[in-house]
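Down below is the structure, laid out as structure tokens.
The chains referred to below are lettered A, B, ... by the order of the sequence lines, with proteins before strands, and numbering in each begins at 1.
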Protein chains: 2
Amino acid sequence: MIAPYDSAKKRIQLVQAARELLYEQGFHKTTLADVAERAQIPLGNINYYFATKRSLAEAVIHSHAAELRERFTLWETTSTDPKWRLRCLIRLPLESTEMVVRFGCPHGSLCQELEKLDAESSLVAAATQLMTIYVEWAQQQFRTIGYGVKESRQIAEQLVASIQGTMLLAHSLRSQEVLEKQLLRVELWLEGEIQSRKERNKS
Amino acid sequence: MIAPYDSAKKRIQLVQAARELLYEQGFHKTTLADVAERAQIPLGNINYYFATKRSLAEAVIHSHAAELRERFTLWETTSTDPKWRLRCLIRLPLESTEMVVRFGCPHGSLCQELEKLDAESSLVAAATQLMTIYVEWAQQQFRTIGYGVKESRQIAEQLVASIQGTMLLAHSLRSQEVLEKQLLRVELWLEGEIQSRKERNKS
DNA sequence: GTCTATAAATTGATAGAC
DNA sequence: GTCTATCAATTTATAGAC
């Protein structure tokens, strides 16, 4: 018999609850009982959907990855201007300022925590993948602007590092002002960077 | 009766062991049994030195803070040139490249994890303090160069965010190359920033 | 297909001997 | 002042009823 709609629905509920808790508390602090409670699903029943805590976390990361790709696609359909798209990336944390100040970047904090597990774990690979999605998308935008393959990769890494570092600092200092002002500085830096490259290419 | 030297010695052993484990595994994953084993001290005996796991972690953070201040003082005695001092800050992660790639920044990762605890905890305050030490020291260097109070604070924040973000990205991607190349880029950015400010002030 | 009850293991912390 | 033994609570995972 085919699983009824409820099955898929509860799976999504579980992933959503785990997603929130992993963001708010981290992987190790979050218990399956926490997840069960927030998802309104009996504790022992989680194992019907996810055999282990790790596989649930993996599903959470994949949901983050999917959402991220979706967001990138949306920006790509909205404008063909790579500079505009990159500005969207920089301003993304401002969509949830308060949460970023309280809990940091939902992706960066997961990477920080999960990368420390056994290297063979598929969780580690998933976390790495998440950060790679950022870098590769940004690189693609710089390629469109006209940057070379290697050049675009390096400046994309620098941009992602700047954004991640800003969120980490704002979270560590618990300061909304740091988040807003420093993201603006990243924006200005990027503009200057692109401008100075343009001028170099003229000569 | 005064505590014998052994008492202080074992305290230090415990903090050292906890320091390593908190860096390698994080706070929540590390158990007191882990600490006891690495410090070569019986498990039940930890509570004689530290009443709770949190107070042990607090001692770890304070040891990080003390070491950081010591390092800054060393740089200050070695050279009076603020640009040289800031370069030291940027290159600091290169002293333990392999560890940074594997485990991230020992301070940044602790902040990320501990800031998520109950805001009233003294652990959170200690973690915040750790990041503040970085920013304030960097700010002092920019002040010496001639930056204004607010200006110096903002560029100091940007510098610390860049360094932290670079370590996070290199750790997430598990790439030594990213760490080295991006720290170099931070250095170049800083040089350009200071240079362009000089030129602005001429006119 | 869903859930209750519980096992099995681990963990932070304590009591009390030496 | 130091350590062994152990408690009480928590946590992941499972067994089996419905």
Side-chain angles (χ1 to χ4, degrees), chain A residues 1-22 24-61 113-114 116-118 121-123, chain B residues 1-22 24-61 110 113-114 116-118 120-124 126:
Chain A
M1 182 185 169
I2 293 168
Y5 285 149
D6 276 4
S7 180
K9 205 168 149 190
K10 287 199 178 173
R11 245 188 96 94
I12 292 171
Q13 271 177 29
L14 271 173
V15 173
Q16 178 59 28
R19 210 176 120 121
E20 292 171 13
L21 287 162
L22 258 49
E24 296 167 16
Q25 310 185 338
F27 176 76
H28 289 106
K29 198 187 175 188
T30 299
T31 68
L32 292 177
D34 291 338
V35 178
E37 190 192 353
R38 187 165 300 196
Q40 300 271 43
I41 281 172
L43 169 59
N45 202 16
I46 291 185
N47 285 68
Y48 175 67
Y49 300 96
F50 298 95
T52 64
K53 188 185 177 186
R54 285 191 173 198
S55 67
L56 174 56
E58 217 176 312
V60 167
I61 295 187
E113 186 177 6
L114 297 178
K116 294 191 176 189
L117 299 179
D118 344 88
S121 166
S122 57
L123 254 185
Chain B
M1 184 187 170
I2 293 166
Y5 285 149
D6 275 6
S7 179
K9 206 167 146 191
K10 286 198 178 175
R11 243 188 99 92
I12 292 172
Q13 270 177 30
L14 271 173
V15 173
Q16 179 58 29
R19 209 177 121 120
E20 291 171 14
L21 286 162
L22 257 51
E24 295 167 15
Q25 310 186 336
F27 175 77
H28 289 106
K29 197 187 178 189
T30 299
T31 68
L32 291 177
D34 291 338
V35 178
E37 190 192 352
R38 185 165 300 197
Q40 301 271 44
I41 281 172
L43 168 59
N45 202 15
I46 290 184
N47 285 68
Y48 174 67
Y49 300 96
F50 297 96
T52 64
K53 187 185 179 187
R54 283 192 173 198
S55 66
L56 174 56
E58 218 177 310
V60 167
I61 294 187
L110 266 183
E113 186 176 7
L114 297 178
K116 293 191 176 189
L117 299 178
D118 344 272
E120 75 265 19
S121 166
S122 57
L123 254 184
V124 174

>> According to side-chain hydrogen bond (donor to acceptor under 3.5 Å, both in side chains), who are the partners of K116(B), at least two apart in sequence or on a separate chain?
In response: S109(A)
>> Could you work out, with side-chain contact (heavy atoms from CB on, under 4.5 Å) as the rule, every residue matching N45(B), not counting sequence neighbours?
In response: I41(B), P42(B), Y48(B), Y49(B)
> Atom NE2 of H28(A) and atom OG1 of T30(A): how far apart are they, to the nearest 0.5 Å?
Replying inline: 10.5 Å
> For DNA chain D, what residues of residues 26-37 of chain A have any heavy atom nearer than 4.0 Å?
Replying inline: T30(A), T31(A), L32(A)
> Can a cation-pi geometry be assigned to K53(B) and F27(B), taking NZ or CZ under 6.0 Å from the six-membered ring centre and within 45° of the ring axis?
Replying inline: yes
>> Between P on dT11(C) and CD1 on I46(B), what's the gap in Å once rounded to a whole number?
In response: 12 Å
>> Run the side-chain hydrogen bond (donor to acceptor under 3.5 Å, both in side chains) test against Q16(B) and tell me which residues pass, sequence neighbours left out.
In response: E20(B)
> Can you name the residues that form a side-chain contact (heavy atoms from CB on, under 4.5 Å) with S121(A), not counting sequence neighbours?
Replying inline: R54(A), D118(A), L123(A), V124(A)
Please list each protein N or O that sits under 3.5 Å from an N or O in nucleotides 3-6 of chain D, with the distance.
from   : atom 1 : to     : atom 2 : distance (Å)
dC3(D) : OP2    : K10(B) : NZ     : 3.1
dC3(D) : OP2    : N45(B) : ND2    : 2.7

> When the distance from CG of N47(A) to C1' of dT12(D) is rounded to whole Å, what number comes out?
Replying inline: 8 Å
> Expressed in angstrom and rounded to an integer, what is the separation of K9(A) atom NZ from dT2(C) atom P?
Replying inline: 12 Å
>> If I take atom CG from residue L56(B) and atom CG from residue L32(B), how far apart are they, to the nearest 0.5 angstrom?
In response: 7.0 Å
